[in-house]
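Only one structure is covered here, and it is reproduced in the block below.
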Amino acid sequence: MSFPLLTVTAVVPAAGAILTAAVPAARRTAAKWLALLFSLATLALAVLVAVRFEPGGDRYQLTESRAWIADFGVRYELGVDGIGVALIALTALLIPFVIGAGWHDADPLETHSSRWRPTQGFFALILLVEAMVIISFEATDVFLFYIFFEAMLIPMYFLIGGFGDRAHSGTDENAAAQRSYAAVKFLLYNLVGGLIMLAAVIGLYVVAGNFSLQEIAEARAAGTLDMATNTERLLFLGFFFAFAVKAPLWPLHTWLPNAMGEATAPVAVLITAVVDKVGTFAMLRFCLGLFPEASKWATPVILVLALISIVYGALLAVGQRDIKRLVAYASISHFGFIILGIFAMTSQGQSGATLYMVNHGISTAALMLVAGFLISRRGSRLIADYGGVQKVAPVLAGTFLIGGLATLSLPGLAPFVSEFLVLVGTFARYPVVGIIATIGIVLAALYTLVLYQRTMTGPVKEEVRTMPDLRLREVLVVAPLIALLIGLGVYPKVITDIVNPAVEHTLSDVQQTDPKPEVAVEAKNGEGAK
């Protein structure tokens, strides 16, 4: 039997979580370094997965398959396509930066406290989330995927509710109440979506007789899968609802601003840059792969919802007074672009959507982490409490600007390429939808530049006059993300070469081809007439 690389990639952070949690209470620094070490080991394994993956090879590679619950057709099946490889790499890449940025976020406020282990618990939960997200990207058995899709909610609940943002304008009791509300809302929304999906998973087993993606695809290709049209559509809706909550897609998005606003900045990055990507990834792998006819049937409605997410999220971001909630609403708008690209059903759209998942993760991490450093210095999330920061902390202001420019998809930075591909792919099949979606670009420039102007420029406010610039640890966290934004903006081919074959397979599942350009067709007809 070959080396189980995919299993090991998920097991290493899980083992790191257990060992980190077991570190004695007084050894908080040791727990931090241990968590960082395991996150770097996971990153090395993710790089090995990417190196061993052959873009022109089989659809699912590095596969593992073992009997698990044989009586119910459940198997422990893992495999990665190009999309999974890209998102595993993104997850493994971001976690060390999340840990580095949150180095002091869970330290007890009482310096004499040695009986409790909040620090150990904080970093252990982060590693546990990483393990569950990675195996979600690897699972090719629907039931196996569902288990970890739901299980990751538990550590996220404790990260949001138990380790909230300390920069809160209210009393300690009010802050705790708001953290609890945000955590419960996050859990309830996602649990409801998960329960509906569970009913659809059971229905899929009744129809298909197993949970294996590959076996179901083979049965469909051979014409032996008897799935009525209405049944397929109902099952699709059950899956899509859960993924739309996780994504988050309007109108199922309302948990995200609360969760990101009340969580620490590193946990906010974990939510929107890592965990939420499982929802959009699952739309590609499971919705389109398992229910191709239903996916095409639902496309018009989903495109409308994606457009609403784009414009609505951007409009609310423009009106925000809270820095972290602004980034949250901006993310809702960006997820609208991702879902738009997925359901445009074109190669450019889906390649752009996958690339957008990666680039959005990096750009949001850069912006949110720098925002977290800013907020920790001033002790406030309100935009109005800042002004003139660039005069006293130029490095902080400069990195904040680059993260903001990436958020508005400035040409030369990574998100521009992905957003451009999404819009081109959408316009090719749905020109009106593509035109309306460009409103989101204009609004993104508005909320990003206004945010920078109000916080970084103008007269120096008295409260920020003594604000220190980024420290070495913080520079080491942010600088690689900035470098990646520039590098992938100049040379995105390193990712598109990996994901494009997977996109072709997905389009083949739904029996779609790229529409031919009308101009080229007319030109060809004109030459024939001559």
Side-chain angles (χ1 to χ4, degrees), residues 121-122 125-126 128-133 136 142-143 145-165 168 170 173-203 234-283 286-287 302 305-306 308-309 312-313 316 320 322 324-325 327-329 331-333 335-336 339:
F122 179 76
L125 289 171
I126 289 174
L128 189 58
V129 171
E130 179 182 23
M132 292 179 175
V133 169
S136 297
V142 177
F143 192 80
F145 169 83
Y146 173 78
I147 289 175
F148 290 98
F149 179 80
E150 287 293 277
M152 70 179 71
L153 301 180
I154 304 303
M156 286 305 308
Y157 168 80
F158 287 109
L159 283 169
I160 297 168
F163 301 92
D165 190 356
H168 201 285
E173 293 78 8
N174 185 43
Q178 292 196 32
R179 286 199 303 270
S180 177
Y181 172 78
V184 170
K185 189 174 184 179
F186 162 82
L187 188 63
L188 288 179
Y189 267 64
N190 284 275
L191 276 179
V192 170
L195 290 173
I196 293 174
M197 180 182 169
L198 177 60
V201 169
I202 295 171
L234 286 173
L235 295 179
F236 168 86
L237 291 175
F239 277 74
F240 180 80
F241 183 86
F243 303 151
V245 172
K246 185 87 76 179
L249 178 67
W250 184 93
L252 306 171
H253 67 285
T254 59
W255 62 268
L256 183 66
N258 296 101
M260 288 184 65
E262 298 304 322
T264 65
V267 173
V269 170
L270 196 63
I271 294 169
T272 190
V274 177
V275 172
D276 287 355
K277 298 299 187 299
V278 179
T280 47
F281 163 81
M283 290 180 188
F286 296 102
C287 286
I302 295 173
L305 295 179
I308 295 174
S309 290
Y312 170 85
L316 264 66
Q320 288 303 306
D322 184 308
K324 291 170 70 177
R325 290 179 70 91
V327 178
Y329 280 109
S331 290
I332 292 170
S333 181
F335 274 101
I339 295 170

Quick check for you: to the nearest 0.5 Å, what is the distance between L305 atom CG and L249 atom CG?
5.0 Å

Under the side-chain contact (heavy atoms from CB on, under 4.5 Å) test, which residues partner L195, sequence neighbours left out?
none

Could you list the donor-acceptor pairs under 3.5 angstrom formed by side chains in residues 238-247, with sequence neighbours left out?
{"from": "K246", "atom 1": "NZ", "to": "F149", "atom 2": "O", "distance (Å)": "3.3"}

Return yes if some donor-acceptor pair links the side-chain N/O of S309 with the main-chain N/O of W250 below 3.5 Å, else return no.
yes

Answer yes or no: is there a side-chain heavy-atom contact under 4.5 Å between I271 and D276?
yes

Check P257 against A328 and note the closest heavy-atom contact, atom names and distance.
CA-CB, 3.8 Å

For a 4.5 angstrom cut-off between non-hydrogen side-chain atoms, does M156 reach V267?
yes

Identify the heavy atoms of N190 and E150 that sit nearest to each other, and give their distance.
O-OE2, 3.7 Å

Please answer whether the main-chain N or O of H253 pairs with a side-chain N or O of Y189 as donor and acceptor at a distance below 3.5 Å.
no

Close side-chain approach of L188 to W255, heavy-atom, < 4.5 Å:
no

Test item: E262 and R179 side chains (from C-beta on) under 4.5 Å apart, heavy atoms:
yes

Main-chain N/O of L316 paired to Q320 side chain as donor or acceptor, under 3.5 Å
yes

For K185 and N258 the tightest heavy-atom approach is NZ-OD1, 3.2 Å

Y329 side chain near I332 side chain, heavy-atom distance below 4.5 Å:
yes

